[in-house]
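One structure is given here, and the rest of the page talks about it.
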Amino acid sequence: MTALAALPPDREMEFAFSESDHRAIADMVYAESGILLPESKAKLIYGRLARRLRACGLTNFPDYLAMIERDAAEKARAVDALTTNHTSFFRENHHFEHFREHLWPGFAQRLATGGRVRVWSAACSSGEEPYSLMMTIAGQDVRAAERLASQDFRLLATDLSPSVIATARAGRYPLDTTRAMPASMRQLWCRRVGDQDELHPALRATIAFRELNLLRSWPMKRPFDVIFCRNVMIYFDDATKTRLLSRFADQMVDGGTIFIGHAERIPPDVANRFRCIGRTAFQKVS
Ligand SMILES: C[S@@+](CC[C@H](N)C(=O)[O-])C[C@H]1O[C@@H](n2cnc3c(N)ncnc32)[C@H](O)[C@@H]1O
């Protein structure tokens, strides 16, 4: 352990946290997920992993690092603990509006004549993003959502983190979370269960939630018409973003659309594969 501390000693701190502890954790998380954890994140790492040390009955970070080297499940829990899962219903709503106005009319026609539509919410966190899309499509019409389940429409929603995928699948949210929905949507699509809101089964039936690490291989064979990959690439370096966007382009139909987060950009090395068609909305061109 180096003498330098990543976090200065503090009476509140239960465990020492050195620079080399920080580096080892950051290297492991980068290799596993692509997420960068620079020095400015030392406090976050400490706060989130101190809980894991306690849960494992350990008293120092080097022992925890040795443990995650031999225990793949604990390594996955460490990565899960270090992901930032912030999301909300109708976040960056202009993307859902773009989808409804420019994409859905053509898709609806295609579905009505027996055609196929595939959408992927990549890094969907606890599910607010794909559920918002379902509500955008169905509007105020429960039967429209039910009809989709009988057409060749699939909405795949994936995330690296098992804990958020479990929340997404359950479709139950604290009332503070569902308050972000327009009131009429909330009234129609939510049912109060104890101190939570449960989303309508017709919304849940159409979405396939899966654990999936964007850096690893993807089991999907068919191309997507639309990909939402919002507010995850912000944690990646340019090389990872370029590789990922190039794989997205390979996994999209010609002319398909990808939505990225408000603070994200397409790196120059892959820019020739996309054309900007709106605010952080891009079309695959090659
Ligand atoms: C800030 S949330 C964004 C959620 C949603 N897309 C939105 O914009 O509101 C970022 C999500 O990316 C996921 N993530 C991070 N690295 C990932 C990776 N390598 N593969 C898949 N998901 C990843 C995290 O688990 C987290 O849930």
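When a ligand or atom number is given, it counts from 1 through the structure's own listing order.
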Carboxylate-amine/guanidinium proximity below 4.0 Å for E264 and K241: no

For the ring pair F99 and F259, is the centre-to-centre distance below 6.0 Å? no

Need the ligand 1 atom indices (1-based, order shown) with element for anything under 4.0 Å from a heavy-atom of S125. 4 (C), 27 (O)

Closest non-hydrogen protein atom to atom 2 (S) of ligand 1, residue and atom name please, with distance? T84 O, 3.4 Å

Does ligand 1 have any atom sitting under 4.0 Å from a heavy atom of S33? yes

Any idea which heavy atoms bring A123 and L214 closest together, and the distance? CB-CD1, 4.3 Å

Distance-only N or O hit between ligand 1 and V164, under 3.5 Å: no

Ring centroid separation W189 to Y131 under 6.0 Å: no

Within 4.0 Å of some non-hydrogen atom of E129, the atoms of ligand 1 are 5 (C), 6 (N), 7 (C), 8 (O)

Looking at CG of L156 and CH2 of W120, how far apart are the two atoms once the value is rounded to the nearest 0.5 Å? 7.0 Å

Of the side chain and backbone of D80, name the one, both, or neither that has a heavy atom under 4.0 Å from an atom of ligand 1. neither

In terms of side-chain heavy atoms, does Q283 have a donor or acceptor partner in R275 at a distance below 3.5 Å? yes

Where ligand 1 meets I35 - atom numbers and elements under 4.0 angstrom, heavy-atom basis: 15 (C), 16 (N)

Can you give me the closest heavy-atom contact between V253 and K284, atom names plus distance? O-CD, 3.5 Å

Hey, is CD on E39 packed in by over 12 heavy atoms from elsewhere, all under 6.0 Å? no

Examine S161 against ligand 1 and note whether any of their N/O atoms are separated by less than 3.5 Å. no

Identify the closest protein heavy atom to atom 8 (O) of ligand 1: which residue and atom is it, and at what distance? N231 ND2, 2.8 Å

So, does T158 sit close enough to ligand 1 that a heavy atom of it is under 4.0 Å from the ligand? no

Heavy atoms only, cut-off 4.0 Å: how does T83 contact ligand 1, side chain, backbone, both, or neither? side chain

Of all the atoms in ligand 1, which lie at a distance below 4.0 Å from a heavy atom belonging to R230? 3 (C), 5 (C), 6 (N), 7 (C), 8 (O)

Can you tell me which residue and heavy atom of the protein come closest to atom 14 (N) of ligand 1, and the distance to 0.1 Å? V232 CG2, 3.7 Å

Heavy-atom contacts under 4.0 Å between R91 and ligand 1: side chain, backbone, both, or neither? side chain

Tell me: protein heavy atom nearest atom 9 (O) of ligand 1, and distance? T87 OG1, 2.6 Å

Considering only heavy atoms, which of L82, D159, L160 lies nearest to atom 13 (C) of ligand 1? D159

SB check E128 R91 (cutoff 4.0 Å): no

The option among I260, N213, I234 carrying the non-hydrogen atom nearest to atom 18 (C) of ligand 1 is N213

Determine whether the aromatic ring centres of residues F228 and F96 are separated by less than 6.0 angstrom. yes

Strictly below 4.0 Å, N to O, side chains only: are R110 and D225 in salt-bridge contact? yes

Closer than 4.0 angstrom, basic N to acidic O: yes or no for R243 and D238? no

Could an N or O of ligand 1 be found under 3.5 Å from any N or O of L214, whether backbone or side chain? yes

Run the numbers for me: atoms of ligand 1, each under 4.0 Å from some heavy atom of L212, listed by number. 20 (N), 21 (C)

